[in-house]
Amino acid sequence: MSVRIYNTLTQKKEPLNPLEPGHVKLYVCGITSYDYCHIGHARSSLVFDMIVKYLRYCGYKVTFVRNFTDIDDKIINRANEQGTPPSQLAARFIDEFYRDMDYLGLQRPDIEPKATEHIDDMIGLIETLIAKDQAYAVDGDVYFAVEHFPAYGKLSRRRLEDMQAGARITINEKKRHPMDFALWKHSKAGEPAWDSPWGPGRPGWHIECSAMSKKYLGDTFDIHGGGKDLIFPHHENEIAQSEAANDKPFVNMWVHHGFVTVRNEATAENEKMSKSLGNFLTIRELSEKYHPEILKLFIFSTQYRNPLEYSEQAMLDAETGLTRLYESIAGIDAIKRKPADIAGTVITDKEADKIDSLEERFRQAMDNDFNTAQAIGQLFDAAKTVNKILRKLPEEQAPADLARLDQAREAIIRQGRVIGILNEPAQVFLERRKRETIRDAVIDPAAIETLIARRNEARKNKDWKLSDAIRDELLAKSVELKDGPDGTTWSVKRD
RNA sequence: GGCGGCGUAGCCAAGUGGCCAAGGCAGUGGUCUGCAAAACCAUUAUUCAGCGGUUCAAAUCCGCUCGCCGCCUCCA
């Protein structure tokens, strides 16, 4: 059994076979730092974090590189609008990015190279391409000659002729072929500039990834990832640059995740969330409303390659589901343990098997191109089994049953953490959730406790009318009561 | 126009040719409860957009039709 991953290059699921056995080298295109990150960036970060976590869980050593594009036309334009130096703007949004990543609870990649710190590497690569007649300099610019690279289009499956037909290509007299793309751009007065053999300028967008991946991962590495929108032109161009320069295959597997879409109220249709459409929701906004694990459960409830529609309702569903998992764990934590000296068991073979096979079923789902949706289904299935057992657990329990429940608890948490959830003690999560929901309640906890006491007094006197009146009163304020064997507990109902 | 993808229950979403088509949310009936809530049990797609084809066998493979989305311009 092995991890199978969908490779955009071959359009097939393929077994992962690292060039260096047991060591996966992964490069992911990171952000261009000129604005706050949106939920689409969150999906990207979460998906690759999950992939890294899962591969490590499987025993692989993973070297994970993710870059920052900190010099680019968009950065320059935005900096000019705001009257700040581009370098300052870029640095600021890298900080903001880290704040978002911390909210999501993500580990840092092993290496996070910045474009501006690798200008020399890029210049070296461009010189190699010019020497090989794969690139040419014109008036301080350098362009890649796509016609000199026969494999151009192999990732995005398009031919040069087809692209020209419908493309919106800006006419550029300097280019020999309309699809040639810039490796180096000469700088106008006042723009950031680095010295180069072609005069002062800055790198084109694509060359940084070719240069930095080569530096940190070598000429050929295992996996290169990014959003589907990067397939063309960004990744296509990276392949062209790297393979033309190195004369070696660039990347073995290309992994691309799908978009987050959002409903357009005007057209009632889903559309990609993007800056140009102005319909994006920032991670910062989400962080004010939702626990990060809710966002993760929402994002991983769909396989990473499929589109994902964001909605408040979907987030509320995810919250309900996450709470369900935590409550199941809390149920095990709350067992009043009185091990009895009995060999018997209340756990059926089928239930025992559900628990014993959880890890295996989880791995099967994840091995199949990181099918988190299916994997999560296995977690819920296990939680259901746990609940079933808890319900029939006697006051004095068989040690074997307690051991099995502890095993279940451990297994659910361990698998959950691969997708970034169940990181907190269940009680902490549930208590905090309760506190957070209290904020929305129109009544304070002390008053609730007073009412509960009055109601329990009424119940003792079998004054059901008063008892129900108090319960209804609290329910009207979204406070839900639960009468259990150990007294009455309450929670805030969300609607 | 070129290329890629999607269409599975009220909603979300798995399904790598062959036991009863996972799982979640919502719903319904029941157990429990003074009544509730939670939990549990049962139930909710004789069917996988439609039509053909391949096969002993297809949601899964092939073709066509319809609908939707994305890329081809910056984009996760």
Side-chain angles (χ1 to χ4, degrees), chain A residues 4 8 11 13 28-32 34 37-48 72-74 77 153 156-159 161-170 179 205 225-234 236 256-261 269-277 280 297-298 301-303 305-309 311 313-314 316-322 324-325 327-328 331 361 364-365 367-369 371-381 383-384 387-392 459 462-465 467-468 471-472 475 480-484 488-491 493:
Chain A
R4 293 170 70 250
T8 307
Q11 300 187 327
K13 286 182 193 172
V28 173
C29 291
I31 60 159
T32 299
Y34 74 105
C37 289
H38 55 64
I39 187 172
H41 296 109
R43 187 179 197 190
S44 177
S45 314
L46 288 168
V47 162
F48 290 107
D72 161 276
D73 290 358
K74 291 190 294 296
N77 293 338
S156 54
R157 290 170 190 271
R158 40 193 96 192
R159 296 173 305 170
E161 312 85 78
D162 295 338
M163 281 186 276
Q164 291 171 69
R168 288 157 282 185
I169 299 166
T170 44
M179 295 308 293
W205 174 34
K228 277 192 154 100
D229 46 0
L230 296 183
I231 294 172
F232 190 89
H234 187 52
E236 193 68 60
H256 293 100
H257 65 259
F259 304 124
V260 177
T261 64
E269 275 169 9
N270 293 328
E271 55 189 22
K272 179 182 153 190
M273 194 178 285
S274 74
K275 300 207 168 158
S276 52
L277 290 171
F280 60 91
L297 193 64
F298 162 65
S301 66
T302 296
Q303 206 266 354
R305 284 190 285 122
N306 296 138
L308 175 63
E309 186 193 339
S311 70
Q313 187 55 50
L316 290 176
D317 286 355
E319 178 174 23
T320 306
L322 183 64
R324 185 178 164 81
L325 292 175
E327 277 180 340
S328 200
R361 286 180 290 131
Q364 256 176 35
D367 279 348
N368 182 18
D369 197 26
N371 194 333
T372 52
Q374 192 174 39
I376 289 168
Q378 305 301 344
L379 293 183
F380 280 112
D381 202 42
K384 190 181 211 167
N387 289 341
K388 202 185 285 194
I389 295 167
L390 285 175
R391 188 178 157 77
K392 64 186 179 185
R459 289 178 71 212
K462 297 197 190 293
D463 184 351
W464 309 128
K465 206 168 182 178
S467 161
D468 290 353
R471 188 178 59 208
D472 292 346
L475 193 60
E480 225 167 22
L481 299 184
K482 296 177 197 176
D483 297 325
T488 302
T489 60
W490 59 275
S491 59
K493 194 176 156 191

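Basis for what follows: all heavy atoms, side chains included, without hydrogens, waters or symmetry-related copies.
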Is any NZ, NE, NH1 or NH2 atom of the basic residue among A/K384 and A/D381 found under 4.0 Å from an Asp or Glu carboxylate oxygen of the other?
no

Which part of the nucleic acid, if any, lies within contact of A/R43, taking any heavy atom under 4.0 Å across all strands shown: a base, the sugar-phosphate backbone alone, or nothing?
nothing

Tell me what A/R324 touches on the nucleic acid: a base, only sugar-phosphate, or nothing, going by heavy atoms under 4.0 Å.
sugar-phosphate

Of A/G30 and A/S467, the one whose nearest nucleotide on RNA chain B sits closer to the 5' end is A/S467

For atom CG of A/L297 and atom P of B/rG23, their distance in whole Å:
16 Å

Any side-chain heavy-atom pair of A/N77 and A/K74 under 4.5 Å:
no

Distance test, side-chain N/O of A/K384 to OP1/OP2 of B/rC40, below 4.0 Å:
no

Any strand: nucleotide that pairs with B/rC56 via Watson-Crick or wobble, under 3.5 Å:
B/rG18

Within this structure, what is the CZ-to-P distance between A/R391 and B/rA37, rounded to whole angstrom?
14 Å

What interatomic distance, in whole Å, is found between P of B/rU46 and the corresponding atom of B/rG10?
10 Å

Report which part of the nucleic acid A/G227 touches: base, sugar-phosphate, or nothing (heavy-atom distance under 4.0 Å, all strands).
sugar-phosphate

Kindly assign one of parallel, tilted or perpendicular to the pair A/H234 and A/W205, based on the angle between their ring planes and the thresholds 30° and 60°.
parallel

Taking side-chain contact (heavy atoms from CB on, under 4.5 Å) as the definition, give me every residue that meets it alongside A/D483, ordered by chain and number, with sequence neighbours left out.
A/R455, A/R459, A/T488

Within the structure shown, what part of the strands sits under 4.0 Å from A/N387 by heavy-atom distance: base, sugar-phosphate, or nothing?
sugar-phosphate

Taking the minimum atom-to-atom distance to the side chain of A/A373, which one of B/rA39, B/rA14, B/rC71 wins?
B/rA14

Of the listed B/rA39, B/rC71, B/rG23, the closest approach to the A/D381 side chain comes from B/rG23

Is there a side-chain contact between A/N306 and the phosphate of B/rG70, meaning an N or O under 4.0 Å from OP1 or OP2?
no

Taking atom P in both B/rU43 and B/rG1, compute the distance separating them and give it to the nearest angstrom.
49 Å

According to the Watson-Crick and G-U wobble definitions, with both distances under 3.5 Å, which nucleotide is paired to B/rC25?
B/rG10

Which nucleotide, if any, forms a Watson-Crick or G-U wobble pair with B/rU47, using both distances under 3.5 Å?
none

With A/L297, the side-chain contact (heavy atoms from CB on, under 4.5 Å) member among A/I376, A/T372, A/T320:
A/I376

Give me the distance, rounded to whole Å, that separates B/rA21 from B/rU47 when you measure between the C1' atoms they each carry.
8 Å

On the nucleotide B/rC75, are OP1 or OP2 found under 4.0 Å from the side-chain N or O atoms that A/W205 carries?
yes

I want to check something: taking the side chain as every heavy atom from C-beta on, are A/K228 and A/R305 in contact at a cut-off of under 4.5 Å?
yes

Just call it for A/Q11: base, sugar-phosphate, or nothing, with non-hydrogen atoms closer than 4.0 Å on any strand.
sugar-phosphate

Answer with base, sugar-phosphate or nothing: what part of the nucleic acid does A/N371 contact at a heavy-atom distance below 4.0 Å?
sugar-phosphate

Among B/rC74, B/rA13, B/rU31, the nucleotide that comes nearest once only the side chain of A/T302 is considered
B/rA13

Say we look at B/rA45 and B/rC12: how far apart would their C1' atoms be, to the nearest angstrom?
15 Å

Any luck finding a side-chain donor-acceptor pair between A/Q313 and A/D317 under 3.5 Å?
yes

For A/K482, report the nucleic acid contact type (base, sugar-phosphate, nothing); a contact means any heavy atom under 4.0 Å.
base

Please measure how far the C1' atom in B/rC61 lies from the corresponding atom in B/rG15, and state the result in whole Å.
16 Å

Rounding to an integer number of Å, can you tell me how far A/D72 CG sits from B/rC75 P?
7 Å

Which nucleotide, if any, forms a Watson-Crick or G-U wobble pair with B/rU73, using both distances under 3.5 Å?
none

For nucleotides B/rG4 and B/rA42, find the distance between their P atoms and express it as a whole number of Å.
46 Å

A/F380 versus A/L325: any side-chain heavy-atom pair under 4.5 Å?
yes

Separation of A/D229 atom CG from B/rC74 atom C1', in whole Å?
10 Å

Whole angstrom is fine here: how far is it from CG in A/D317 over to C1' in B/rC11?
8 Å

Among B/rC75, B/rG34, B/rA14, the nucleotide that comes nearest once only the side chain of A/R471 is considered:
B/rG34

Within the structure shown, what part of the strands sits under 4.0 Å from A/I39 by heavy-atom distance: base, sugar-phosphate, or nothing?
nothing

Checking contacts here: which listed nucleotide (B/rC35, B/rU31, B/rG15) is nearest the side-chain heavy atoms of A/R459?
B/rC35

On RNA chain B, compare the nucleotides closest to A/A314 and A/F232; which residue's is nearer the 5' end?
A/A314

Could you measure between the two P atoms, the one in B/rC64 and the one in B/rC72, and give it in whole Å?
26 Å

Considering only heavy side-chain atoms of A/F380, the closest of B/rA76, B/rG23, B/rC75 is B/rG23

Looking only at side-chain atoms of A/D483, point me to the closest of B/rG34, B/rU31, B/rA76.
B/rG34

A/V47 near the nucleic acid: base, sugar-phosphate alone, or nothing, with a heavy-atom cut-off under 4.0 Å?
nothing

Of the nucleotides B/rC75, B/rG23, B/rG34, which has the atom closest to the A/D468 side chain?
B/rG34

For A/L481, which contact category applies under a 4.0 Å heavy-atom criterion: base, sugar-phosphate, or nothing?
base

Answer for the Watson-Crick or wobble partner of B/rA39, both distances under 3.5 Å, is B/rU31

Among B/rG15, B/rG34, B/rA76, the nucleotide that comes nearest once only the side chain of A/Q374 is considered:
B/rG15

pair A/N368-A/K13: side-chain heavy atoms closer than 4.5 Å
yes

Nearest to the side chain of A/F259 - B/rG24, B/rA14, B/rC71?
B/rC71

Select base, sugar-phosphate, or nothing to describe what A/G226 touches, counting heavy atoms under 4.0 Å on all strands.
sugar-phosphate

Could you give the distance separating B/rC71 and B/rA39 at their C1' atoms, to the nearest angstrom?
48 Å

Between A/L308 (CG) and B/rC6 (P), how many Å, whole number?
16 Å

Which part of the nucleic acid, if any, lies within contact of A/Q303, taking any heavy atom under 4.0 Å across all strands shown: a base, the sugar-phosphate backbone alone, or nothing?
sugar-phosphate

